[in-house]
Amino acid sequence: MDFYKRVEYVCKQIPRGRAATYGQIALLCGMPSHSRQVGYALNKKLTSPDIPAHRIVNHKGYLSGLASFTYPDTQESLLEKEGIPVTPEHTIDLKKYAWHHTLDDAIRFRSYFTTHNL
DNA sequence: TATATGACCTGAC
DNA sequence: CGTCAGGCCATAT
């Protein structure tokens with residue numbers, strides 16, 4: 001069971017123009033109480049560098065990972081480039097831009113993890 | 001072995 | 001809308 005590989009896989013499935021929360025990622029990884037570890041993984045860059053880390057925000061929509069990007073405005077420009085407006089308080093509107101994954105998504109991920117031994 | 005840290009979350013009020 | 005306590009857990013020191 002490789003939590004960080006799971007995080008990596010799930011993050012790559014977040015659609016363009018949508019954002020997911022740390023808790024949501026943890027849940028889809030089958031570890032609902034590991035939201036902090038999701039942030040830890042991204043901060044320490046324990047996942048492959050080609051994942052859309054800018055689409056991960058906290059449960060309020062706040063860009064809590066701002067400081068970990070190369071430049072302070074990297075995350076914001078990436079989000080706005082795909083159509084997600086960022087407020088001056090570094091927050092996005094989750095009511096409009098949250099990724100609403102389906103139950104099927106969750107089931108698909110689960111079987112992917114088992115068949116790939118993650 | 002023990003304590004601190006952190007890109008977190010939820011419920012209660 | 002806002003605050004607060006409590007829970008969470010892999011890593012780091």
Side-chain angles (χ1 to χ4, degrees):
Chain A
M1 149 67 206
D2 188 333
F3 182 67
Y4 300 135
K5 289 280 190 203
R6 291 187 178 193
V7 170
E8 189 175 310
Y9 182 74
V10 171
C11 288
K12 286 181 178 174
Q13 317 301 316
I14 307 173
R16 260 185 70 91
R18 309 256 91 180
T21 66
Y22 298 90
Q24 184 179 9
I25 302 297
L27 179 68
L28 288 172
C29 286
M31 311 288 314
S33 62
H34 286 226
S35 47
R36 298 192 86 134
Q37 278 57 231
V38 175
Y40 179 84
L42 296 178
N43 183 34
K44 293 289 183 182
K45 301 180 187 350
L46 266 31
T47 55
S48 84
D50 60 328
I51 68 169
H54 59 285
R55 298 189 189 130
I56 322 278
V57 301
N58 80 7
H59 71 121
K60 293 177 191 163
Y62 177 70
L63 278 48
S64 48
L66 268 183
S68 298
F69 286 81
T70 322
Y71 298 102
D73 62 332
T74 302
Q75 183 173 20
E76 299 192 0
S77 38
L78 286 174
L79 287 172
E80 301 203 311
K81 188 170 9 170
E82 40 187 88
I84 304 182
V86 181
T87 73
E89 296 76 39
H90 316 295
T91 301
I92 67 172
D93 188 352
L94 279 180
K95 295 234 180 281
K96 293 180 185 166
Y97 304 101
W99 170 37
H100 298 297
H101 72 264
T102 66
L103 179 57
D104 271 8
D105 289 327
I107 295 173
R108 258 202 353 270
F109 291 141
R110 191 171 62 87
S111 57
Y112 180 87
F113 298 147
T114 32
T115 64
H116 291 256
N117 254 290
L118 297 182

Engineer: Figure out the CD/P separation between Glu89(A) and dG2(C), and round it to whole Å.
Structural biologist: 10 Å
Engineer: Starting from P on dG7(C), measure out to CZ on Arg36(A) and report it in whole angstrom.
Structural biologist: 14 Å
Engineer: Give a yes or no answer on whether the side chain of Glu8(A) reaches the backbone of Ser48(A) with a donor-acceptor pair at less than 3.5 Å.
Structural biologist: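 Yes, Glu8(A) side chain to Ser48(A) backbone: donor-acceptor pair under 3.5 Å.
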Engineer: State which of dC9(C), dC9(B), dA12(C) makes the closest approach to the side chain of Gln37(A).
Structural biologist: dC9(C)
Engineer: Distance check: side-chain N/O of Tyr4(A) vs OP1/OP2 of dT11(C), anything under 4.0 Å?
Structural biologist: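 Yes, Tyr4(A) has a side-chain N/O under 4.0 Å of OP1/OP2 on dT11(C).
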Engineer: For atom C1', what is the distance between dC8(C) and dT5(B), given to the nearest Å?
Structural biologist: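 These two C1' atoms come out 13 Å apart once rounded.
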Engineer: Using side chain to side chain contact (heavy atoms under 4.5 Å, CB included), reason through Asp50(A) and Lys12(A) one step at a time and then give a plain yes or no.
Structural biologist: CA-CA 8 Å; Asp50(A) 60 328; Lys12(A) 286 181 178 174; 3.5 Å; yes
Engineer: What is the distance, rounded to the nearest whole Å, between atom OH of Tyr22(A) and atom P of dT10(B)?
Structural biologist: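 After rounding, the gap between these two atoms is 14 Å.
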Engineer: Both Lys60(A) and Ser33(A) contact DNA chain C. Which one's nearest nucleotide lies toward the 5' end?
Structural biologist: Lys60(A)
Engineer: Could you check which of dT11(C), dA7(B), dC9(B) has an atom nearest any side-chain atom of Ser35(A)?
Structural biologist: dC9(B)
Engineer: Using a cut-off of 4.0 Å on non-hydrogen atoms, how would the nucleic acid contact of Ser68(A) be classed: base, sugar-phosphate, or nothing?
Structural biologist: base
Engineer: Is it the case that the side chain of Asn43(A) and the backbone of Tyr40(A) share a donor-acceptor pair, with hydrogens and angles ignored and the cut-off at 3.5 Å?
Structural biologist: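 No: the side chain of Asn43(A) does not pair with the backbone of Tyr40(A).
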Engineer: Expressed as a whole number of angstroms, how long is the span from Leu42(A):CG to dT11(C):P?
Structural biologist: 14 Å
Engineer: Applying a 3.5 Å limit to both distances, which nucleotide forms a Watson-Crick or G-U wobble pair with dA7(B)?
Structural biologist: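 Result: none.
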Engineer: How would you label the contact of Asn58(A) with the nucleic acid (heavy atoms, under 4.0 Å): base, sugar-phosphate, or nothing?
Structural biologist: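 The residue Asn58(A) makes sugar-phosphate contact but no base contact.
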Engineer: Specify the separation, in whole Å, of atom NE2 of His59(A) and atom C1' of dC8(B).
Structural biologist: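 Atom NE2 in His59(A) sits about 7 Å away from atom C1' in dC8(B).
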Engineer: Quickly work out the Lys44(A) NZ to dT13(C) P distance and round it to whole Å.
Structural biologist: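 After rounding, the gap between these two atoms is 7 Å.
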Engineer: Donor-acceptor pair, distance only, cut-off 3.5 Å: does the side chain of Arg55(A) make one with the backbone of Ala20(A)?
Structural biologist: no
Engineer: For the C1' atoms, the ones on dT13(C) and on dT1(B), what distance do you get once it is rounded to whole angstrom?
Structural biologist: 13 Å
Engineer: Grouping I, L, V, M, F, W and Y whenever their side-chain heavy atoms are under 4.5 Å apart, do Ile92(A) and Leu66(A) come out in a common cluster?
Structural biologist: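 Ile92(A) and Leu66(A): one cluster.
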Engineer: Could you give the NZ-to-P distance, from Lys45(A) to dT11(C), as a whole number of Å?
Structural biologist: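 Nearest whole value for this atom pair: 17 Å.
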Engineer: Mind checking if Ala53(A) touches a base, just sugar-phosphate, or nothing, with heavy atoms under 4.0 Å?
Structural biologist: base
Engineer: Could you state the atom-to-atom distance from CG of Leu63(A) to P of dG6(B) in whole Å?
Structural biologist: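 Answer to the nearest Å: 19 Å.
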